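What follows is a single structure, written as structure tokens, with notes after it.
This structure is a prediction, so every number in the text was calculated from the model and none was measured. Throughout, a chain's letter reflects where its sequence line sits, starting with A, and its residues are numbered from 1.
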Amino acid sequence: MAPVNGAADAPLKIGKHEFKSRLVVGSGKYSSFDVMQRAHEASGTELVTVAIRRIHLDDASGKTLLDFIDRSRYKILPNTAGCTTAKDAVLTAQLAREALGTDLIKLEVIGDPETLYPDTAETIVAARELVKDGFTVLPYIIDDPTACKRLEEVGCAAVMPLGAPIGSGLGICNPYSLTIIKQRSNVPVIIDAGVGTASDAAIAMELGADAVLMNTGIALAKDAIMMARAMRLAVEAGRLAYLAGRMQKRLYASASSPMSDLIGTTAK
Amino acid sequence: MNATINGERRELPDGATVAHLLNELNLEKNGIAVAVNERVIRGANFDEHRLQEGDVIEIIRAVAGG
């Protein structure tokens, strides 16, 4: 519910998990783990995505990603990125749960390597199976209201329609479909992918998104740490603007100052 | 015996368990997960789960990603 006269916003609830921050960030593409760690801090996030990959058998030593994510501060959202079938995505999710001790999973089943658009049919099959297996499922999906509804029906804890292709930075390409998705959704809507700069994040939130997930938009900025802070402020600004309720747009001007008692006019 | 580990054929001592394998690879249990023939083996069962000839083993961890 919207706060009244500046009251605090409610936390974001995804299944049994609660978050004050509405910005979910990735851990990929940073110039170093140190920069990533500082960007995470600047973003104010409480939820960080990671990928799941085979260990290199002959080089399993050394510092790993998890040495740079303070798990008392951030929850981990493992993904099934790169999977192209429901079967592989389900096994990847099960391995992630075992490795990381979390029921959260960002379900990603890719249908096309160039656009990285999701395979909607496989995503729904995998989502159904993972929900039955006790996961809190957050599926990456096309910005299609019907696909989002199907995912909600199989028990997903949120839906994550894309704003634009993954890593493209093209911004919110179809605000109309995202608005429809939000209006019809009974679970949180997280805009996942496409955010290139702060205004994109603000637009997503102004449309009513419950949160925004981004990786490349922060990691590939010239100053990733500064951009992380910009994204934090944009998400907060967009959220507040949405809750505050924007004025109606109008074609003609409407003066903000009184039109009466101007100097040089004739007194009546 | 032979098994496939992360896509590589490897020779393992007969009767080796998952725990033996991880030890041989110098891997800590923490932060990793293991599947044998597409089934996840719980960490609590690493000591008792014996590997078989021809097993297909996947060992994963979290890496940077979005």
| message | Are more than 12 heavy atoms, taken from residues, nucleotides or ligands other than B:Glu38, located less than 6.0 Å from that residue's CD atom? | response | no

| query | Going by residue number, which parts of residues 9-18 of chain B are within reach of chain A, meaning a heavy-atom gap below 4.5 Å? | reply | B:Arg10

| Residue A:Leu100 versus chain B: region with a heavy atom under 4.5 Å | side chain

| Yes or no on side-chain contact (heavy atoms from CB on, under 4.5 Å) for A:Ile55 and B:Ile32, after CA distance, side-chain angles and deciding distance? | CA-CA 9 Å; A:Ile55 280 173; B:Ile32 69 154; 3.4 Å; yes

| note | Bottom line for B:Ile5: the part with an atom under 4.5 Å from chain A's heavy atoms is both

| query | Which residues in residues 68-91 of chain A have a heavy atom less than 4.5 Å from any heavy atom of chain B? | reply | A:Asn79, A:Lys87, A:Leu91

| remark: For residues 37-46 of chain A against chain B, heavy atoms under 4.5 Å, the residues are none

| remark: Given the options B:Ile60, B:Val40, B:Ile41, A:Glu98 meets side chain to side chain contact (heavy atoms under 4.5 Å, CB included) only with B:Val40

| What do you reckon, is CE of B:Met1 surrounded by more than 12 foreign heavy atoms closer than 6.0 Å? | yes

| message | Counting only non-hydrogen atoms closer than 4.5 Å, does B:Glu28 touch chain A with its backbone (N, CA, C, O), its side chain (CB onward), both, or neither? | response | neither

| task | Sort out for me which of A:Ala51, A:Ala219, A:Gly28, A:Gly26 touches chain B most, counting heavy-atom pairs under 4.5 Å. | result | A:Ala51

| request: May I ask you to test the A:Arg54-B:Ile59 pair for a side-chain heavy-atom distance under 4.5 Å? | output: no

Can I get a per-line list of side-chain donor-acceptor pairs under 3.5 Å for residues 161-174 of chain A, giving both atom names and the distance, sequence neighbours left out?
| unit_1 | atom_1 | unit_2 | atom_2 | d |
| --- | --- | --- | --- | --- |
| A:Ser168 | OG | A:Pro165 | O | 2.7 |
| A:Ser168 | OG | A:Leu170 | N | 3.3 |
| A:Asn174 | OD1 | A:Tyr176 | N | 3.3 |
| A:Asn174 | OD1 | A:Ser177 | N | 3.1 |
| A:Asn174 | ND2 | A:Ser177 | OG | 3.4 |

| note | Note: A:Ser27 and B:Val63 closest approach over all heavy atoms is OG-O, 4.2 Å

| field | Options A:Ile52, A:Val24, A:Val48, ranked by heavy-atom pairs under 4.5 Å with chain B, top entry | value | A:Ile52

| query | More than 12 foreign heavy atoms under 6.0 Å from CG of B:Asn30: is that the case here? | reply | no

| task | Starting at CZ of A:Arg53, measure out to CD of B:Glu58 and round the result to the nearest 0.5 Å. | result | 12.0 Å

| remark: In short, A:Leu65 meets B:Ala64 closest at the heavy-atom pair CD2-N, 3.5 Å

| task | Name the member of A:Val50, A:Thr49, A:Leu95, A:Asn215 that forms the most heavy-atom pairs with chain B at distances under 4.5 Å. | result | A:Leu95

